[in-house]
S.K.: 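Just passing along the structure, written as structure tokens.
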Protein chains: 2
Amino acid sequence: MTVDREQVLRTAAALLSRKATATMDEVARAAGIGRATLHRHFAGRDALVKALEVLGIREFEAALDAARLDEGSAEEGLRRLIAEIEPAAGLLAFLVTENQLFEGAHVNEGWGRLDARVSAHFRRGQQQGEFRIDLTPAWLTEALYGLIGTGAWAVQDGRVAAKDFQYMIVELLLGGARRNVEQ
Amino acid sequence: MTVDREQVLRTAAALLSRKATATMDEVARAAGIGRATLHRHFAGRDALVKALEVLGIREFEAALDAARLDEGSAEEGLRRLIAEIEPAAGLLAFLVTENQLFEGAHVNEGWGRLDARVSAHFRRGQQQGEFRIDLTPAWLTEALYGLIGTGAWAVQDGRVAAKDFQYMIVELLLGGARRNVEQ
DNA sequence: CCCGAATGAGACATCAGTGTCTCGCAAGGT
DNA sequence: ACCTTGCGAGACACTGATGTCTCATTCGGG
């Protein structure tokens with residue numbers, strides 16, 4: 001009888017990442033619950049988005065933990081990270097475009113922690129000579145986010161096969177489009 | 001006295017790419033005109049977004065023309081394209097996230113033309129042996145759009161210097177993050 | 001089996017944004 | 001100098017979404 005809050009959030013994430021302007025009523029129907037019940041669990045639309053933000057940050061941090069970035073080469077760590085992040089890609093794509101989250105006075109500090117960890121990983125890769133040093137860690141971090149979002153949308157719209165998601169992102173981010181001699 | 005329609009559109013693009021939910025009143029004030037005047041030129045919000053879409057497609061096509069993609073190597077063409085597209089990057093970033101544009105019955109055919117031209121360029125690069133063949137032209141096209149949008153946002157938010165916009169996008173897209181032996 | 005807690009459906013007021021209209025005014029052409 | 005045209009400001013009604021409330025129902029624990 002009791003609503004599964006986690007399930008509601010995941011359904012909302014799936015809907016909102018496809019249609020960011022979906023109404024509370026649409027979110028409720030998508031989750032199979034009444035609008036009143038949705039309001040009982042999330043005071044309003046803002047609260048719902050905030051809850052999604054917390055969920056997204058938690059999943060991203062879980063992916064960072066699971067990827068064990070400090071083990072092995074930086075490239076291997078990045079591959080593991082993208083693999084771990086794939087299930088949450090749609091949610092993250094939605095959150096990144098929800099710039100309302102980044103306008104207010106106090107932005108969720110979680111983003112800073114995530115940026116720092118990802119950025120530090122790229123920096124480590126540079127220091128170890130694996131990654132180029134002419135692309136800043138900040139830009140590589142942004143590019144990773146951007147490609148994850150782009151990949152999630154491309155898969156949703158059927159322009160890229162879901163099974164290729166990881167490969168396309170990792171290969172482009174690491175190797176780029178240029179064909180190298182040793183390939 | 002007469003309103004400069006083009007200027008209004010550019011101001012609206014600049015505002016909306018930062019705050020996609022800006023109201024008609026905010027758009028009007030940003031453009032320095034009254035809300036009634038804005039409505040005289042664009043029947044409603046939908047019409048405004050459609051006009052921005054037409055503008056964005058026009059600028060993208062102009063960039064494609066100016067880039068002379070068929071001259072020289074595919075890599076040089078891509079570099080020219082990104083350079084030409086930079087001024088319109090914010091507008092394109094807004095349009096890509098305005099998924100309302102891609103839901104209705106008839107999507108503006110311009111996007112298909114643009115996709116086809118960009119995609120054909122990547123395909124040419126593959127056939128000439130310049131680009132990798134394990135990344136599909138469709139994905140490279142999507143990735144280009146995604147990186148342009150990400151770059152535009154990163155510059156707007158000050159995370160990347162404006163002067164580095166082209167370099168960061170081109171180098172990542174072409175060469176990736178991995179450091180190669182010859183570098 | 002019974003009772004409390006939670007839900008769904010619907011009614012309702014409220015509010016922000018929209019679209020339309022009028023009126024006074026300023027600019028620019030003739 | 002006149003007069004047409006376009007603009008700004010404001011008033012207004014309308015719509016869609018939101019947030020709150022009530023009430024009947026149903027689920028599930030004790």
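Letters go in sequence order (proteins before strands), and every chain restarts at 1.
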S.K.: Would you call Asp70(B)-Arg117(B) a salt bridge at under 4.0 Å N-O?
M.R.: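 No, Asp70(B) and Arg117(B) are not salt-bridged.
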
S.K.: Flag yes if more than 12 heavy atoms outside Arg29(B) fall under 6.0 Å of its CZ atom; otherwise flag no.
M.R.: no

S.K.: Quick check for you: to the nearest 0.5 Å, what is the distance between Leu135(A) atom CG and Glu142(A) atom CD?
M.R.: 13.5 Å

S.K.: Using a heavy-atom distance cut-off of less than 4.0 Å, which residues of residues 9-26 of chain B contact DNA chain C?
M.R.: Thr23(B), Met24(B)

S.K.: Any side-chain heavy atom of Arg79(A) sitting closer than 4.5 Å to one from Glu171(A)?
M.R.: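 In short, these two side chains touch, coming nearer than 4.5 Å.
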
S.K.: Measuring from the side chain of Thr2(A) (C-beta onward, heavy atoms only), which nucleotide among dC21(C), dA6(C), dC7(D) has the closest atom?
M.R.: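 Of the options given, the side chain of Thr2(A) lies nearest dA6(C).
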
S.K.: Listed in order of residue number, which residues of residues 37-46 of chain B have a non-hydrogen atom at under 4.0 Å from DNA chain D?
M.R.: Thr37(B), Arg40(B), His41(B)

S.K.: Does a side-chain heavy-atom distance below 4.5 Å link Glu130(B) with Arg179(A)?
M.R.: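 They are not in side-chain contact.
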
S.K.: Tell me who clusters with Val96(B), hydrophobic residues only, linked when side chains sit under 4.5 Å apart either directly or through other members.
M.R.: Trp153(A)

S.K.: Which residues pass the side-chain contact (heavy atoms from CB on, under 4.5 Å) test with Ala161(B), not counting sequence neighbours?
M.R.: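 Once residues adjacent in sequence are excluded, the partners of Ala161(B) under the side-chain contact (heavy atoms from CB on, under 4.5 Å) criterion are Lys163(B), Asp164(B).
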
S.K.: Decide yes or no on side chain to side chain contact (heavy atoms under 4.5 Å, CB included) for Val160(B) and Phe165(B), but give the supporting numbers first.
M.R.: CA-CA 7 Å; Val160(B) 168; Phe165(B) 177 89; 5.8 Å; no

S.K.: Can you confirm whether Glu109(B) is buried at CD, in the sense that more than 12 heavy atoms of other residues, nucleotides or ligands lie under 6.0 Å from that atom?
M.R.: no

S.K.: Let me know which of Val27(B), Val8(B), Asp4(B) forms a side chain to side chain contact (heavy atoms under 4.5 Å, CB included) with Ile33(B).
M.R.: Val8(B)

S.K.: Quick one: does Gln128(B)'s side chain get under 4.5 Å of Ser73(B)'s, heavy atoms only?
M.R.: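 Result no, sub-4.5 Å side-chain heavy-atom pair not found.
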
S.K.: Of all of residues 28-35 of chain A, which get a heavy atom below 4.0 angstrom from DNA chain C, listed by number?
M.R.: Gly32(A), Ile33(A), Gly34(A), Arg35(A)

S.K.: Would you please classify the geometry between the Phe131(A) ring and the Phe122(A) ring as parallel, tilted or perpendicular, with 30° and 60° separating the classes?
M.R.: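 Phe122(A) vs Phe131(A) ring planes: tilted.
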
S.K.: Quick one: bend of the helix from dC1(C)-dG30(D) to dT30(C)-dA1(D) from 5 pairs per end, to 10°?
M.R.: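 Computed from the C1' atoms at both ends, the axes differ by 30°.
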
